[in-house]
There are 2 protein chains.
Amino acid sequence: MKNNVKIARVQVNLTQQQLAEKIGVTRQTISLIEKGKYNPTLKLCLDICYTVNKTLDEIFWIEKGSDESEKD
Amino acid sequence: MKNNVKIARVQVNLTQQQLAEKIGVTRQTISLIEKGKYNPTLKLCLDICYTVNKTLDEIFWIEKGSDESEKD
DNA sequence: TAACATTGTAACATATACATTACATTTTTC
DNA sequence: GAAAAATGTAATGTATATGTTACAATGTTA
């Protein structure tokens, strides 16, 4: 699950810890999402969007079939 | 978790069953998502988008604080 | 209205998102 | 280059998304 969370987070000058606190999740969850190792829920995706001022399409859209990340 | 899955699904002339089969989930999952009773994962949101030819923003975006649905 | 297709939903099981704690590794700053 | 901050990640536990099966309710069509 590739995404642009890290880019967007850095753009608004937040650490993983700060983003996590604003959203109400743990830093580990943010870390794993940024590394593409989690398949986050819609609600969490939306909360991230609200906090970094982006839309779902800007941060989480990936073209069909272009997800190179592992299936595990 | 309000969304526009039902509208988009009907627009492309698919039943819940047909959409579910194309995506590889059960009909119940589609039903519960349409009724706003599930908080789907990003991967499933994307699969729905691909199948009904819409983007994440078109189907799943909701303005901050405008989610009237129940929490559980 | 009777058959049939579609949708809602309940009970129970399984997989996994996310929390908690802890520590290691990398990056920044002095 | 050492101290601190930021990030990666492992082990274990919990909550919940999703599967399975089954049946009821609603819509559609002859």
Side-chain angles (χ1 to χ4, degrees), chain A residues 1-62 64 67-72, chain B residues 1-62 64-72:
Chain A
M1 302 300 300
K2 208 171 186 46
N3 60 63
N4 301 316
V5 172
K6 180 166 188 176
I7 293 170
R9 174 177 60 79
V10 170
Q11 279 176 1
V12 292
N13 243 48
L14 292 176
T15 66
Q16 290 181 347
Q17 178 74 35
Q18 291 168 333
L19 177 57
E21 280 172 3
K22 277 173 171 260
I23 294 175
V25 297
T26 61
R27 181 178 62 79
Q28 287 73 0
T29 297
I30 299 296
S31 178
L32 289 166
I33 289 170
E34 286 189 357
K35 301 293 284 186
K37 300 196 174 178
Y38 265 163
N39 174 18
T41 59
L42 176 57
K43 179 172 180 338
L44 178 49
C45 291
L46 285 166
D47 286 341
I48 291 173
C49 285
Y50 301 148
T51 306
V52 301
N53 297 311
K54 296 283 183 184
T55 69
L56 286 172
D57 286 349
E58 288 173 321
I59 299 195
F60 295 104
W61 182 261
I62 47 188
K64 184 172 186 174
D67 187 7
E68 317 279 328
S69 64
E70 45 273 70
K71 312 288 180 186
D72 68 280
Chain B
M1 302 299 301
K2 207 169 185 48
N3 60 65
N4 301 316
V5 172
K6 180 166 187 175
I7 293 171
R9 173 177 59 80
V10 170
Q11 279 176 1
V12 294
N13 243 49
L14 292 176
T15 67
Q16 290 181 346
Q17 177 75 34
Q18 291 169 332
L19 176 57
E21 281 172 3
K22 277 174 171 259
I23 295 175
V25 297
T26 60
R27 182 178 63 78
Q28 287 73 359
T29 296
I30 300 296
S31 178
L32 289 167
I33 289 171
E34 287 189 357
K35 302 292 284 187
K37 301 196 174 179
Y38 265 163
N39 175 18
T41 59
L42 176 58
K43 179 173 180 339
L44 178 49
C45 290
L46 285 166
D47 285 342
I48 291 173
C49 286
Y50 301 149
T51 306
V52 301
N53 297 312
K54 297 283 183 184
T55 69
L56 286 172
D57 286 349
E58 288 173 321
I59 299 195
F60 295 105
W61 182 261
I62 47 188
K64 184 172 186 175
S66 69
D67 187 5
E68 317 279 327
S69 64
E70 28 308 34
K71 313 288 178 186
D72 59 291

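All chains are named by letter (A, B, ...) in the order of the sequence lines, taking the proteins before the strands, and each is independently numbered beginning at 1.
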Quiz item: Tell me: CD1 of A/Ile33 to P of C/dA17, nearest whole Å?
Solution: 10 Å

Quiz item: How does protein reach along nucleotides 2-10 of chain D, written 5' to 3' as B (base within reach of a heavy atom under 4.0 Å), S (only sugar-phosphate), or - (no contact)?
Solution: ----SBBBB

Self-check item: Nearest heavy atoms of A/Pro40 and A/Ile33, plus distance in Å
Solution: CB-CD1, 3.8 Å

Exercise. Note down the inter-axis angle between the two ends of the helix from C/dT1-D/dA30 to C/dC30-D/dG1, five pairs each, to the nearest 10°.
Key: 60°

Quiz item: How long is the line joining CD of B/Glu21 and C1' of C/dT6, in whole Å?
Solution: 13 Å

Exercise. Look at the side-chain N and O atoms of B/Thr26 and state whether any lies under 4.0 Å from the OP1 or OP2 oxygen of D/dG19.
Key: yes

Exercise. Could you tell me which non-hydrogen atom of A/Met1 sits nearest to which non-hydrogen atom of B/Leu46, and how far apart they are?
Key: CE-CD1, 4.1 Å

Self-check item: Exercise: identify the closest heavy-atom pair between B/Val52 and B/Val12
Solution: O-CG1, 3.7 Å

Quiz item: Once you round to the nearest 0.5 Å, how far does CD1 of B/Ile48 lie from CG of B/Asn4?
Solution: 11.5 Å

Self-check item: B/Trp61 to A/Thr55 - nearest heavy-atom pair and separation
Solution: CZ3-CA, 3.6 Å

Quiz item: For B/Ile30 and C/dT6, what is the distance between atoms CD1 and C1' respectively, to the nearest whole Å?
Solution: 14 Å

Self-check item: Between C1' of D/dT16 and OH of A/Tyr38, the distance in whole Å
Solution: 13 Å

Exercise. State whether the side chain of A/Asp47 and the backbone N or O of A/Ile23 hold a donor-acceptor pair below 3.5 Å, judged by distance alone.
Key: no

Quiz item: Got a second to check how far B/Ser31's OG is from B/Lys37's NZ, nearest 0.5 Å?
Solution: 8.5 Å

Quiz item: Of all heavy-atom pairs between B/Asn3 and B/Glu34, which one has the smallest distance, and what is that distance?
Solution: OD1-CA, 4.3 Å

Self-check item: For DNA chain C, the residues among residues 41-58 of chain B that have a non-hydrogen atom under 4.0 Å from it
Solution: none

Practice problem: Look at the side chain of A/Arg9 and the backbone N and O of A/Leu14, then say whether any donor-acceptor pair between them is shorter than 3.5 Å. | Solution: yes

Quiz prompt | Exercise: identify the closest heavy-atom pair between A/Asn39 and B/Leu42 | solution = OD1-N, 3.4 Å

Quiz prompt | Point-to-point distance, once rounded to the nearest 0.5 Å, from CD of B/Gln16 to CD1 of B/Ile30 | solution = 7.5 Å

